[in-house]
Peer 1: 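Structure below; questions to follow.
Heavy-atom basis, side chains included; hydrogens, waters and symmetry copies ignored. Proteins get letters first, then strands, A, B, ... in listed order; numbering begins at 1 in each.
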Amino acid sequence: MSDRVELDKVYNPKTVEGEICALWQQHDAFRAAPDERPPERRYCIVIPPPNVTGALHLGHAFNNTLQDILVRWHRMRGFNTLWQPGTDHAGIATQAVVEKRIRETEGKTRHQIGREELVRRIWEWKDQYEARILSQLKLMGCSCDWSRTRFTLDEGCSRAVQETFFRWFKAGLIYRGKRLVNWDTALQTAVADDELYYDTIKGHFWHIRYPVMAANVASPLVGGARAAAPGTRPDATSGAGNAIPEEPTHVVIATTRPETMLGDVAVAVHPDPEGELSRRASALRAELASAASAKDRAAIDAKLEAIAERRTSHLPLLIKLRDMAAAGRTVMLPLVNRPIPLILDEWADPMLGSGCVKITPAHDPNDFAVGERHKLPKINVLAPEGTVAPIVEPDGTRNPNSARYEGLPFSTEARARVVADIEAAGLLEKIEDREIEIAHSDRSKTPIEPYLSDQWFVRMGDLGRGIEGAQRAGVPRREVTKFTPIFDEWERERTKGGAERTSGITLGDGSNVAGLAQAAIDAVTSGRVKILPERYTKSYLDWLGEKRDWCISRQLWWGHRIPVWRKRLRISNDEDAFEIVTHGLDHVILGETEGASAVVVDCTTGQPVDPRLRRIADYLAADGQRVMEIDLGGFNSGELRGDFEFFVCLRDAERGKHWYELGFMQDPDVLDTWFSSQLWPFSTLGWPDPMDSKRRGLDYYYPTSALVTSREIITLWVARMVISGLYNLGKEPFHHVYIHTKILDARGETMSKSKGNGVDPVDIIDVYGADALRYTMADMATETQDARMPVDYLCPHCGALTPQTSVVPKGKQPIDVKKATCRACKKPFATVWADDALKADLGVARDTSEKFEIGRNFCNKLWNAARFALTNLAGTPYERLDVRSLPTEDRWILARLSQTIAAFQGCLAQYRFSAALKVARDFFWDSLCDWYIELTKPRIQGSGPVGAVSDRDLSVARPSRSETAPTSGEAKQVLAFCLDQTLRMLHPIMPFITERLWRELNALVPVRGLPGVAQPTPSELLITAEFPPLEGWSKLNDPVSLAIFEDLQTATRGIRDLRSKSNVPPRERVTVTIKSAPERVAALRAQAHIVQHLAGVGTLAIDPAVTRPKNAASLHVGALHIYVHEISDDARELQRVRTELAETEKQIASKRSKLSNENFVARADPEVVQAERDRLAELETRLITLRESLAELA
RNA sequence: GGGCGACUAGCUCAGUUGGUUAGAGCGCGUGGAUCACACCCACGAGGUCAUAGGUUCGAGUCCUAUGUCGCCCACCA
C-alpha cells in the first residue's frame, strides 16, 4: 500500500465498496469454523431466510443490517462468530408467483403444464432470485459465511424435514384428519388464509322452517353417544315446571347460505338456554358494577334488555326444543327429505337468530366441530369445480331428491333454486337484508368456498388429552375445535389403561413434557428463551396456549413432498386376500436403516385399527439384509376384514420406490413452508447427518445466540423453531429473540412487493452507498416506533423526484405500479416492477429517499475528518505519555471517547441500535470534529500550541509549559488513537468506509495507542481487529476535565451567540470579560486560550467580581456571566437586562416555593433537593449581577 | 370482537426505575467560500408533550377514560 495519502475530497462509495469487498473475500474474513473458544465466547445468528419469491426490499435491508451490526460487533470482540445465510423456498408464495407469470405469458394453468414441468420452472425462478438475493446481501456488506449458504429445499434441509416428520409420525404426533380448506373453485386449489381478502356484499338472511317429525321417528344419522359431549348435558332442573308451549310443528333456522342445507345433518339447540341467558346476564351485571364509562353502561344496559326480551320471546320455545332434543326427536330436512336429529350443543347461541342452528359439518368450520362432538356424518355437497356435487347419504346411497340441484353453480343458481323450492313448499318464514363479509381468493378474485378435505396435522396439545387439554388450559370450546383429529378415538384407545399408558412426549434431552406447545411455552416462561422487547412474549404465549394443532399439508407442487406412502387393501374372509396383505409387506427390503412407521385405517369408520397392527418389526434376514414386516399380532382373518388403508411413513424417502413397487402411492401434497423453516437453526448446521453436523459445527454453534426478526412471524416461525429445536435436539434454538420495528412507506403502510411500495436496497446503494444505507437503517432502529420512509422515484429523464404516494393508489387490493409519470418533466418512466421491455422503452426510475442523505453526509464527514487527520499524522510518534499531564482538551477527548465506547456497547447489548448510533455520532461529529480537531489544529498542523504564534494580541498568559506542555506529538498521538478507536467503533455499522480508512491509518501510523493505558493489538483488517474494550480504560475517565471543558464550551458558545447577534464580522477580535464563581476562576483562566481561539477573542479577562463594561453585550449562561465589550449599546442592554431580570425573578420564586414545600424536602431524593438548591443559588447570583447591571445602566 | 403499539418542534423520531429551563436530525432563518468537509461551519427561531380526569410534594413519563392512526390474532349460523 502507498504511504502517501491520496483520498478524494468527497467520499465515493462505488470505488471503495468493490475494493473492500474483494479484500474481505480474499482474506476469507466471514468464514467461521469451530475452535477452542468456550461457549460463552461463541456467537451465532441464523439469517431469517428471505423468500425466493422476489428480490429483497428495504424491510430485508433493515433486518439484515441489524444482524450484521451484531455479528461484526461480536466478531471484533473476539467471539467465534457465525452468521449462517440462506433462502426459503416459500411454498405458496413462490408457486403463486410463477404460476401467475405462466398464466400471463403463456395463458396456461399449472394443470396444463404438469407437476414436473411446473416444479422445474420454479427451480429456474429460484436460481434466478436466490442469486439476486445473495448479491443484494453481499452488496450491503453482510458478513455471512457464504460458503455455508443453504436453501430450505436443498438436500440437507430435506433430510431434516424427513427425519423430523418421521420422528413425529412415529411418536403419534402427526395424524391425518379432516379440515375445511379455503377452496378456490376457479383455480381448483386450496388457498391459504393470508391469500384471502374480504368484500362486504349485500346479502340476505333466510329464515327457513324444518318440520318436526313425530316422536317415534328416529333419524338414521344419530351416532353412538346421543347425549353429546361432556359439559353439554341439559340441566334437569332448569326450566322445569314452567308454562311450556305446545310442541312446535317446525323448527326455524336462519342462514345466509341456504344452498348448504343440502348437507345439513342436524339442528342444534343450546343444552341449557335458560342457564346460558342467566349466566350472560349476571356477567353483564358484574361488568356494570365494576365501574364502566357512561357509554359502556348504556351498551350493557341495552344488552341486558335484549336478554330480558329474549327470555319472553324465545326462551320457552328453546326450552321445549331442548327437551325434545334430549328426547331424541327428529326434524325433516326439506328438499332432500333427510330426517336429521335435534341435538344439544353449546354452539347454538340462544341470543342469535331463532336460537337454533343448522349443522353442516362439511361446509362450516364451527359446524364441523359440532359434528365431531356428536359423531355426525359429513355430507359433502360441493364439487371441486364449484357446483353441487352428487349427494351421497351416509349409508352410501345417492339421495334421489338432490338430482335437480346437482351440477348447478353452488352459491348462485343452486341457491336460487333452493330458495325457490323452499318458498314453493311454504317453508320460507321470512327474508332479512343483511351485509355479509365474503372471503375472496386473492389470486382468482372469486369467492372461496369451505371445502372438506383430508389433511395432515401436528398435534400441539398435551398428548392423550386433545381438546379437553386445551379446554383445561382455559380456552373456550368453540375456539379450539376447528381441527378435530379423526384419530381421536384411536388416541384414546392408545393411551388408555395400565402399562400401555403414555403421558406427554419425550424431548431431545430425554426430558418429558405434556406436549409440543407446552415445551415451547416452558422455554420462554423459564427464561431460557428471552423475547425482546418483552411485550412480545404475550403474543407468543397466548398463541401457544391455545395449543391448536398445526395443519402441515398443502395442496401444492412446490415444497417437501409428504413422506407417506399409502395403499388401500380389501381384506375378506378369503384366506387368499389376507395372505396378499401379509405377503406383500413381508418381502419389503428396507436395507440397512431402520426407518418406517405405519398407520392402518379402517376405511369404513375412518379410524385407525387396533394399535397392535401399527407395530412394525424389522429383523435381519438370513442373507444379512434388513427385512420388515407388519406384525399382525393376535388377529385372524375373521377379525380383520373390510377396506383398510395403509399409511407408511419412511425416514428415507429414497426407499419410497420399494413401496411404490408394491402399489403404494406417495401422498401428493407437500408440507407447509414453515415445516422446513422451523428446522433452520439446526438443519443449516448439518442436522441430522452426523458427518455434516461435525463439519458444520452443530454442537459448537447450537444453540445459536440471537434471532433477529419482525413481529408477524413470532408465532408462525419463532414458536415452531423452539418446538422442533427442543424436540430434536433437546435445547432451545436461540437465547434471544430480538423483534425489531418495521419500515413503513410515507403513508405508514408496510412495504411489500405486492403493494408496489417496496424499494430495492441496491438502488439506494447506487445513489448513496451501502454504508449510508446501513447508517440510516441503524438510525431508524428505535425500540417501539415503526419508522416511516417517504420514497420518491428518481426520474431517469430529468432527475426530479416524484413521491411514490402520488403514484401508488391506496387501497385494500394490492396493485403493481409498473409505470408512472414524472412530476417535473411529465415524461413517463418505468418502475422496478415493470418487465424488461417496458424498462427498456421508458427508462427505469430508481427508488430513493432523502432519508439516506443522513447516512451519506455522515460518511462524507467521517471521510473528510480522516482525510484531515491522515494528511497531518505522518510521522506521528509513539511515545510514552502521561495521560494525567496532557492538556485539558486531550484529557477531555479521551474521557469522552471512553465514555462513548462504554455507552455504545451498553446500547448494543440491549439491541438499542439507534441509541448506540447517536452516542457514536455525537462523539465523532460534535466532540471530535467540532471541538477537538478545531481546537488542536494549531498543534497538529505544526504551528505549536494555541496562542504560540498567531495570537500575538492575547492578553492572557498561556499556561506554563511545565504544567501541560501541549506538544504537537502528543496531539497527533491522541488524534491517531481517537481516529483508530472511532473507526473500530463504527465498523459494525459502516464497514466499508471504516475498513478503507483503517488501511490508510495502518500505513501511515502503524503503531497507535496510549502506552500504559490503552494498547490495542495491531491488525491488518479492521473487520477482525479488536473492538475497543469496555474494561480497562478507567485511567481515561476524568470528570474534572469533563466539567472544565463544559464550562469552556459554554463560554465559547455564549460569546459566539453575542457576536452573531450583534453582527460582529467573523475575523474581528473582540474583548471579553467573564464573571465566574470564585472557585472556578483558576481552572478557567488556565484554559482561557481555548475560548480565545474558538470564539475569536482578543483580550479575555476572567474574574469573580467584575463591573459591567460600557456598551457591552451580556449573556448569562449557567454560572457564567459573559460581557463582550463595545458591540452593543447600553440602551439596548438595559431593555434586555430588564427582561432577563423579570424572568430570573420568576424562576427564583418558583424554586423558593418548591424548596419551602416541606413535602418536597422531606420526600424527594436528597440529591434532587440539593440540585434544586444549587440551581436556586445560581439564580440568586445571577439576580445580583443583573441588579448590578441595572444599576450601572440606569 | 381480543391483544399490542403510537400520538412530543413544519417533517422523521429520541426522551431507561416520575425530579433542573423537554432533545436530535432534517427543514426553516441569519452569517460564513477559513488551507478536512458547503454532503460543511457558526448562531438562532420553532413544542399547552392528542384530549379529559386522577395518583403524587412533583407527570411527557404512572393510572382511568375518550379520540385518531397502525399492527397482530380471532370471528361473523
Peer 1: Calculate the interatomic distance between A/M780 atom CE and B/C26 atom C1'; express it in whole Å.
Peer 2: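 After rounding, the reported distance stands at 14 Å.
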Peer 1: Check whether any side-chain nitrogen or oxygen of A/S914 sits under 4.0 Å from OP1 or OP2 of B/A14, and answer yes or no.
Peer 2: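 For A/S914, the contact criterion (side-chain N or O under 4.0 Å from OP1 or OP2 of B/A14) is not met.
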Peer 1: Would you indicate, yes or no, if B/C41 has its OP1 or OP2 atom less than 4.0 angstrom from a side-chain nitrogen or oxygen of A/W925?
Peer 2: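 Answer is yes, contact under 4.0 Å.
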Peer 1: Using the side-chain heavy atoms of A/R711, tell me which of these nucleotides is nearest: B/C4, B/C71, B/U21.
Peer 2: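 Per side-chain heavy atoms of A/R711, the pick is B/C71.
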Peer 1: Is there a donor-acceptor pair closer than 3.5 Å between any side-chain N or O of A/T260 and the backbone N or O of A/R257?
Peer 2: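 Judged by distance alone, yes, a pair lies under 3.5 Å.
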Peer 1: What is the distance, rounded to the nearest whole Å, between atom CD of A/E432 and atom P of B/A77?
Peer 2: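 Roughly 12 Å, once rounded to whole Å.
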Peer 1: Verify the contact: side-chain N or O of A/K918 to OP1 or OP2 of B/A24, cut-off strictly under 4.0 Å; return yes or no.
Peer 2: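 Answer no for this pair, as no side-chain N or O of A/K918 is under 4.0 Å from OP1 or OP2.
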Peer 1: Test your reading of the model: is there a side-chain donor-acceptor pair from A/W863 to the backbone of A/L7, 3.5 Å cut-off?
Peer 2: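 No; zero donor-acceptor contacts below 3.5 Å.
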Peer 1: State the pairing partner of B/A42; accept Watson-Crick or G-U wobble contacts with both distances under 3.5 Å, and report none otherwise.
Peer 2: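 With both distances under 3.5 Å, B/A42 matches B/U30.
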Peer 1: As a test of reading the structure: which of B/A36, B/A14, B/C39 is closest to the side chain of A/Q785, going by heavy atoms?
Peer 2: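 So the side chain of A/Q785 is nearest to B/A14.
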Peer 1: Please tell me which of the listed nucleotides, B/C43, B/A36, B/C40, lies nearest to the side chain of A/A865?
Peer 2: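 That would be B/A36.
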Peer 1: Of the nucleotides B/A36, B/U20, B/C72, which has the atom closest to the A/N864 side chain?
Peer 2: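 Nearest to the side-chain atoms of A/N864, counting from C-beta on, is B/A36.
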Peer 1: What is the base-pairing partner of B/U64, counting Watson-Crick and G-U wobble geometry with both distances under 3.5 Å?
Peer 2: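 For B/U64, the partner nucleotide comes out as B/A52, under the 3.5 Å rule.
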Peer 1: Between A/R1053 (CZ) and B/C41 (P), how many Å, whole number?
Peer 2: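 Whole-Å distance recorded here is 14 Å.
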Peer 1: Does a nitrogen or oxygen in the side chain of A/N860 sit under 4.0 Å from OP1 or OP2 of B/C40?
Peer 2: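 No, because none of the side-chain N or O atoms of A/N860 sits under 4.0 Å from OP1 or OP2 of B/C40.
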Peer 1: Establish, with yes or no, whether the OP1 or OP2 oxygen of B/C73 is under 4.0 angstrom from a side-chain nitrogen or oxygen of A/K538.
Peer 2: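 Negative; the distance criterion is not met.
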Peer 1: If you check the A/S1060 side chain, which of B/A36, B/C43, B/U21 turns out closest?
Peer 2: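 Looking only at side-chain atoms, A/S1060 lies closest to B/C43.
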Peer 1: Go through B/C4, B/C43, B/U20 for me and flag the one nearest to the A/D1057 side chain.
Peer 2: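 Nearest listed nucleotide: B/C43.
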Peer 1: Does B/C39 have OP1 or OP2 sitting under 4.0 Å from an N or O in the side chain of A/R856?
Peer 2: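 Looking at the OP1 and OP2 atoms of B/C39, neither is under 4.0 Å from any side-chain N or O of A/R856.
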Peer 1: Rounded to the Å, how far apart are A/D922 CG and B/C13 P?
Peer 2: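 After rounding, the gap between these two atoms is 20 Å.
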Peer 1: Tell me whether the side-chain N/O atoms of A/K9 come closer than 4.0 Å to OP1 or OP2 in B/C40.
Peer 2: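 For B/C40, OP1/OP2 do not have a side-chain N/O of A/K9 under 4.0 Å.
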Peer 1: To the side chain of A/R1067, which of B/U34, B/C40, B/C13 is closest?
Peer 2: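 Nucleotide nearest to A/R1067's side chain: B/U34.
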Peer 1: Starting the side chain at C-beta, find the nucleotide from B/G19, B/C43, B/C41 nearest to A/V1168.
Peer 2: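 Looking only at heavy atoms from C-beta outward on A/V1168, the closest nucleotide is B/G19.
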Peer 1: Side chain of A/T255, heavy atoms from C-beta onward: which of B/A36, B/U21, B/A77 has the nearest atom to it?
Peer 2: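 Out of B/A36, B/U21, B/A77, the nucleotide with an atom closest to A/T255's side chain is B/A77.
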Peer 1: Do any N or O atoms from the side chain of A/R1152 and from the backbone of A/Q1147 form a donor-acceptor pair under 3.5 angstrom?
Peer 2: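 Not confirmed, A/R1152 side chain does not pair with A/Q1147 backbone.
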Peer 1: Is A/K742 near enough to B/G5 that one of its side-chain N or O atoms lies under 4.0 angstrom from OP1 or OP2?
Peer 2: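 Negative; the distance criterion is not met.
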Peer 1: Which nucleotide in the set B/U20, B/A77, B/C37 lies at the smallest distance from any side-chain heavy atom of A/R867?
Peer 2: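 Per side-chain heavy atoms of A/R867, the pick is B/C37.
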